[in-house]
Amino acid sequence: MSRTIIRVVALALIFLAPAAAAQIPAAEYEERRGQLAAQLGDGVLLVLGAPEPPQDYLPFYQAPTFRYLTGVDEPGAALVMVRRGTSTTTTLFVRPRDPRTETWSGPRLGTERATRATGLAAVTADRLHPVLDSLLGAGLALHVAGEYRLGANAAPPISYDQQVLERIRERHPSAALRDVTPLVRRLRARKSDAELTLIRRAAAITVEAHRDAMRAMTPGWNEFEIQALIEYDFRRYGAERPAFASIVGSGPNSVILHYNRNDRFMQAGEVVVIDIGASYAGYAADITRTIPVSGAFSPEQRAIYQIVRDAQAAAERAAQVGAQWSAVTQIASRTLAEGLARVGLIEAPDATYDCGNTGSQQQCPQLSLFYFHGLGHGIGLDVHDPDQALGAGGTTIQLGSAFTIEPGIYVRSNVLDLIPDTPRNRQLIARIRPLVTRHANIGVRIEDDYIVTAQGVEWISRAPREIDEVEALMRESYVGPHPRRAEWVDWYR
Ligand code: GLY
Ligand code: MN
Ligand code: MN
């Protein structure tokens with residue numbers, strides 16, 4: 001079979017799998033709530049859904065903690081679980097049906113359908129505070145899970161959850177309070193088969209978008225034109241939205257980690273970091289490719305790209321079930337440092353520079369001048385989701401883990417102006433400045449997604465990533481939804 005036919009069959013298998021397999025079954029939500037309840041002491045657990053968006057007519061996104069425990073995807077809902085000994089009473093609060101409003105905004109769930117969908121007793125949301133008043137008035141402790149920062153110095157912004165909680169605490173100042181969000185995060189850290197199916201789909205859609213971006217890339221285009229094609233593909237293939245602001249960063253923007261203005265005209269000779277992720281049924285992918293605007297990497301770009309790719313390959317080989325995540329990150333850092341030393345951007349793999357305030361002797365690895373983020377993170381309902389290997393319940397890669405591996409090198413043109421002026425640093429600057437100048441504005445990140453099933457660690461983001469593969473796909477032409485109309489783009493010049 002040709003590679004094209006294999007791809008078409010693989011995509012068909014992913015997208016045409018029975019629709020039911022793409023949902024989280026009601027029984028799984030029940031199991032999640034049961035696992036949480038078993039870890040709670042006596043008290044009332046409150047989990048708030050997200051409110052209506054504050055500005056009119058913006059899209060609604062459900063709060064992940066609430067979605068994880070209920071599957072309910074409409075605004076203004078809440079979950080209350082009352083735990084006494086080993087018995088638990090669970091109630092869902094939802095907005096009431098309202099035919100007049102529904103004429104404008106579509107049908108609401110209402111209590112009856114909420115009960116049918118979830119198996120939970122459901123009452124209208126206006127009952128939430130009276131019910132809480134009565135339970136807390138009877139002396140029960142309050143447990144909360146969601147977006148809280150309860151420390152004494154919790155800095156703004158104050159989340160919706162916290163605002164609601166503060167109102168409750170004003171009425172019940174003596175109620176014992178416990179933030180049980182870490183318990184939910186531990187549950188979320190281990191993905192079920194149904195969740196892994198959704199993450200796999202999010203990744204498959206994101207891969208298609210990357211492939212089209214590679215085919216479409218054209219010198220003189222604006223970054224937003226590539227963003228538009230990417231997000232077109234997301235919706236075209238059934239994702240509800242980008243899981244985070246799409247990053248299409250060319251030239252000087254390629255070295256800015258969270259650049260997302262995407263409004264620069266791209267030039268031949270530059271690289272573009274494209275860091276994107278579809279959200280499918282609430283689950284995020286997060287995949288980065290770095291490509292040359294012209295379709296062919298320069299020798300300097302090639303050298304940096306290959307170091308990053310080697311680091312990712314080394315990390316990927318180390319990322320086995322049972323491996324310590326810290327060991328995976330170490331091997332990636334070591335590979336990056338050895339590569340940068342070979343190119344001459346750092347003096348030696350273990351070389352350091354003076355990084356303390358003037359006068360202090362603090363040393364930092366020279367590697368950190370060019371690589372200054374973590375190697376990866378969990379993915380799931382959030383693009384940065386809890387994962388078992390990354391602190392939520394453990395340090396090793398386990399069945400049900402879903403995570404990224406995303407090394408990068410970013411040669412900022414001003415990097416040597418950012419370090420303290422010391423004799424040692426002056427010597428370093430003199431040695432490496434020519435190399436920094438030669439590689440300035442080359443930012444390369446390669447980010448892939450992995451899930452752990454009974455078969456082991458699986459790479460699920462199979463967009464081209466070897467230099468030859470990327471350049472070959474960029475020679476293909478893009479067959480898009482419609483041709484580009486130059487007069488529209490001229491509005492932005
Ligand atoms: N796209 C955000 C990240 O890579 O972590
Ligand atoms: Mn990431
Ligand atoms: Mn990313």
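Every number for a ligand or one of its atoms is a count from 1 in the order of the listing. Just so you know, these numbers use all the heavy atoms, side chains as well, and skip hydrogens, waters and symmetry mates.
We find the CD1-CG distance between Ile199 and Asp449 to be 8.5 Å, quoted to the nearest 0.5 Å. A distance of 11.0 Å separates CG of Leu345 from CG of Leu367, quoted to the nearest 0.5 Å.
Cation-pi geometry between Arg201 and Tyr283 is not met: the NZ or CZ atom fails to fall both under 6.0 Å from the ring centre and inside 45° of the normal. A cation-pi contact, defined as under 6.0 Å to the ring centre and within 45° of the axis, is absent between Arg264 and Tyr259. Judged by the 6.0 Å and 45° rule, Arg302 forms no cation-pi pair with Tyr305.
The nearest N, O or S atom of His377 is closer to the Mn ion (ligand 2) than 2.8 Å.
Listed by atom number, the atoms of ligand 1 under 4.0 Å from His377 heavy atoms are 3 (C), 4 (O), 5 (O).
Which of Arg445, Glu447, His384 comes nearest to atom 5 (O) of ligand 1 through a heavy atom is settled by distance: it is His384.
Between His377 and His384, the ring-plane angle classifies as tilted under the 30° and 60° cut-offs.
A distance-only check finds a donor-acceptor pair linking the side chain of Arg33 to the backbone of Leu69 [under 3.5 Å].
For the Mn ion (ligand 3), the set of protein N/O/S atoms nearer than 2.8 Å consists of Asp275 OD1, Asp275 OD2, Asp286 OD1, Glu447 OE1, ordered by chain and number.
Protein heavy atom in closest approach to atom 2 (C) of ligand 1: Asp286 OD2, 3.6 Å.
Sorted by first then second residue, the side chain to side chain donor-acceptor pair (under 3.5 Å) pairs that include residues 325-335, not counting sequence neighbours, are Arg334-Glu338, Arg334-Asp350.
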